[in-house]
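A quick write-up on the structure given underneath.
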Amino acid sequence: MLDFFLIAKIICADHFSDVHARQRSLMVMILANARVVTPDRLLDPGWVALDGHRISAVGDGEPPRSADAEIHDLGSDYVLPGFVDLHMHGGDGAQVTTEDPQEILRAIAFHRRHGTTRTLASLVTSPVEEMAAAARTVAALMRSPDPLHRSIAGIHLEGPFLNPNHRGAHHNDYVLAPDVNALRHLLASGDGAVRTVTLAPELDGGMDLVREVVASGAVVAVGHTDASYDEAHQAFEAGASMATHLFNAMRPFHHREPGPAGAALTHDNVTCELINDGVHLHSAAIRLAFAAAGAERIALVTDATPAAGVDDGRFNLGPLPVLARGGKVTLLDGITNAGSTLTMDRALRHAVQCVGVPITQAAVAAATTPARMLGLGERTGSIEPGKDADLVVLTDNLWVRTVIADGAVVHGTLATSADVAPGGAA
């Protein structure tokens, strides 16, 4: 039997540990001596104060000193809003078009380690019942209070109502002509969690689907489409407000027929996804899109597959086998692009270091714009007082050092950047 005094010592130690933990949770955390990226400028040096799960204050220069403040000197590293990914199919060998909740969560956790604090779970074209089952699984995960589950911002249905001639990595057997009943079944299976639907509006009945999705409260994204400029413009006038991976898997831009890309770039209410991995788009196309639309209408996305974060090899993307080799994912033909191995931190890094996008604009495209598209702009997506404390700390060379979600460090460290292993997040 344990000695009475030993038991008392254990109880007291647990009590004081709990009290200390509560005291720490009540303390304001201040990230100081940082380059803070706000929506309109770079604070260098700047600071961000976190009070629980909210951002309580933001400023430049030296932070205020207080006895109840826990100050972390970031050594001039960057603080950006946590990334928001509108288009993610998987990562770390896992995909999200599945009924297996643990597989979905593995992909979510992988991308969170790379700074994505909110993401859509993008379902690829599959048999309708399989897509419906996956939608039910994602919706159930979103109802959990678990902090990781809060990273799931909703469901993106990429298909099945796509143009077969621009289906890309979507299985031809399961691409469907527009069918309102099938759409309603998928929306109902998502139980309010479906936030975006990619479809081809030029197909017979396609505009009926546009109106149905808009009426449901979800976002219509024009993609995998052979729409002309006029057809795409008609869809945008009817309420479509996004272009899925602009320039990719759609009728190409031509100076006499600008197609869906031209319609998206010239329509003030349309947000354009860009897969900025150096594979899908030339840097000049990225610069053109930013120049035409502005960062407020550009959303950097990953279009990540299960191959993101793992070695080269064969993987499944929904019902299709795909091949990852040298950072590129294709169908087994080795030619047709089939998503990417991208992460949001890499997309931002490529935008700044290779394309020449200012870091303030890159942060808007990686967080602020997509958060607004999801209706989360009042809560997250920018570093402003009152918003959720969703942040990513990047080293001088823009590798992930720390990820903070709802005010808690969920990956990395707040130690000095010299302690961060080269290469950043794994």
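All heavy atoms count here, side chains included; hydrogens, waters and symmetry mates do not. Predicted model, so just to flag it, every value in this text is computed and none were measured.
Checking side-chain atoms of Asn172 against main-chain N and O of Val175 turns up no donor-acceptor pair under 3.5 Å. Of the possible polar contacts, none joining the Arg349 side chain to the Met344 backbone as a donor-acceptor pair under 3.5 Å is found. Judged by distance alone, the side chain of Thr305 and the main-chain N or O of Ser340 form a donor-acceptor pair under 3.5 Å. No donor-acceptor distance shorter than 3.5 angstrom exists from the side chain of Asn337 to the backbone of Gly339, with no hydrogens or angles considered. Using a distance-only test at 3.5 Å, with no hydrogens or angles considered, no donor-acceptor pair links the side chain of Arg195 to the main chain of Val219. In this structure a side-chain-to-backbone donor-acceptor pair under 3.5 Å is missing from Asp345 to Leu348. Under the 3.5 Å distance criterion, the side-chain polar atoms of Arg113 are left unmatched by any main-chain donor or acceptor of His411. Side chain of Thr395 to main chain of Trp399: a donor-acceptor pair is present (N/O by atom type, distance under 3.5 Å, no hydrogens or angles). In this structure, Arg106 contributes its side chain and Asp92 its backbone to a donor-acceptor pair below 3.5 Å. In this structure a side-chain-to-backbone donor-acceptor pair under 3.5 Å is present from Glu103 to Gln95.
Looking only at side-chain heavy atoms (C-beta outward), Leu120 and Asp85 stay at 4.5 Å or farther from each other. Contact of the Thr117 side chain with the Val392 side chain is not registered, since no non-hydrogen atoms from C-beta on lie closer than 4.5 Å. Residues Thr196 and Met242 meet the side-chain proximity criterion, which asks for heavy atoms closer than 4.5 Å. Side-chain contact between Leu43 and Arg35: absent, with no pair of heavy atoms (C-beta onward) separated by less than 4.5 Å. Side-chain contact check for His185 versus Val128: some heavy-atom pair is nearer than 4.5 Å. Considering only heavy atoms from C-beta on, Leu141 stays 4.5 Å or farther from Ile108 through its side chain. Counting only heavy atoms from C-beta outward, the side chains of Val400 and Val403 approach each other to under 4.5 Å. Under the 4.5 Å side-chain criterion, counting only non-hydrogen atoms from C-beta, His111 is in contact with Thr343.
The number of heavy-atom neighbours closer than 6.0 Å to CD of Glu237, taken from other residues, nucleotides and ligands shown, is above 12. At most 12 non-hydrogen atoms from other residues, nucleotides or ligands lie less than 6.0 angstrom from CG of Asp311.
Separation of atoms CZ (Phe315) and OG1 (Thr341) is listed at 10.0 Å; rounding is to 0.5 Å. Atoms CD1 and OG1, on Ile383 and Thr380 in that order, are 10.0 Å from each other to the nearest 0.5 Å. In this structure, Leu414 CG and Leu74 CG are separated by 6.5 Å, a value rounded to the nearest 0.5 Å. Rounding to the nearest 0.5 angstrom, the gap separating the OG1 atom in Thr302 from the CG atom in Leu342 is 6.0 Å. Annotation: the span from Leu86 atom CG to Asp303 atom CG amounts to 11.5 Å, rounded to 0.5 Å. Put simply, OG on Ser56 and CG on Leu50 are 6.5 Å apart, with the number rounded to the nearest 0.5 Å.
Applying the salt bridge (Lys or Arg N to Asp or Glu O under 4.0 Å) criterion to Lys387, with sequence neighbours excluded, gives Glu384. In this view, Asp100 satisfies the salt bridge (Lys or Arg N to Asp or Glu O under 4.0 Å) rule with no residue, not counting sequence neighbours. For the salt bridge (Lys or Arg N to Asp or Glu O under 4.0 Å) test, residues two or more places apart in sequence or in another chain that qualify with Arg54 are Asp388.
Between His170 and Tyr174, a ring centre-to-centre spacing not shorter than 6.0 Å is recorded.
The two residues Ala134 and Glu99 come nearest to each other via the heavy atoms N-CG, 4.5 Å. In plain terms, the two heavy atoms of Ala338 and Leu317 that are nearest each other are O-CD2, 3.9 Å. Ala221 and Thr244 get closest at one heavy-atom pair: CB-OG1, 3.2 Å. When all heavy atoms are compared, the tightest approach of Asp312 to Ala324 is CB-O, 3.2 Å. Between Leu246 and Leu281, the shortest heavy-atom contact is O-CD2, 3.8 Å. Summarising the geometry of Val270 relative to Ala240, their closest heavy-atom pair is CG2-O, 4.4 Å, with the distance given to 0.1 Å.
With 3.5 Å as the limit, one finds no donor-acceptor pair spanning the side chains of His166 and Asn163. Using modelled atom types, one finds a donor on one side chain and an acceptor on the other under 3.5 Å when comparing Thr38 with Asp40. No donor-acceptor contact under 3.5 angstrom links the side chains of Ser241 and Asn269, judged on distance only.
Identified under the side-chain hydrogen bond (donor to acceptor under 3.5 Å, both in side chains) test for residues 358-374, with sequence neighbours left out: none. Annotation: side-chain hydrogen bond (donor to acceptor under 3.5 Å, both in side chains) contacts involving residues 314-328, sequence neighbours excluded, are absent. The list of ring-ring contact (aromatic ring centres under 6.0 Å, His included) pairs with a residue in residues 69-90, not counting sequence neighbours, reads His87-His89, His87-His156, His87-His245.
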(message) side chain to side chain contact (heavy atoms under 4.5 Å, CB included) for Arg287 and Val357? Distances and angles first, verdict last.
(response) CA-CA 8 Å; Arg287 287 191 287 269; Val357 178; 5.6 Å; no
(request) Carefully, step by step, assess Leu42 and Val36 under the rule side chain to side chain contact (heavy atoms under 4.5 Å, CB included). (result) CA-CA 6 Å; Leu42 176 67; Val36 180; 5.9 Å; no
(message) Between Val222 and Leu199, does the side chain to side chain contact (heavy atoms under 4.5 Å, CB included) criterion hold? Intermediate values first, please.
(response) CA-CA 6 Å; Val222 172; Leu199 57 84; 5.8 Å; no
(request) Evaluate the side chain to side chain donor-acceptor pair (under 3.5 Å) criterion for residues His350 and Asn276: first the C-alpha distance (whole Å), next the side-chain angles of each, then the deciding distance (0.1 Å), finally the verdict. (result) CA-CA 7 Å; His350 190 268; Asn276 184 35; 3.0 Å; yes
(message) Under the criterion side chain to side chain donor-acceptor pair (under 3.5 Å), I'd like the reasoning laid out for Asp68 against Ser66: C-alpha separation, chi angles, the key distance, then a yes or no.
(response) CA-CA 5 Å; Asp68 65 350; Ser66 172; 2.4 Å; yes
(request) Decide yes or no on side chain to side chain contact (heavy atoms under 4.5 Å, CB included) for Ile275 and Val301, but give the supporting numbers first. (result) CA-CA 5 Å; Ile275 308 174; Val301 298; 4.0 Å; yes
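The salt bridge (Lys or Arg N to Asp or Glu O under 4.0 Å) test with Asp390 is passed by exactly one of Arg118, Arg112, Arg150, Arg379: Arg118.
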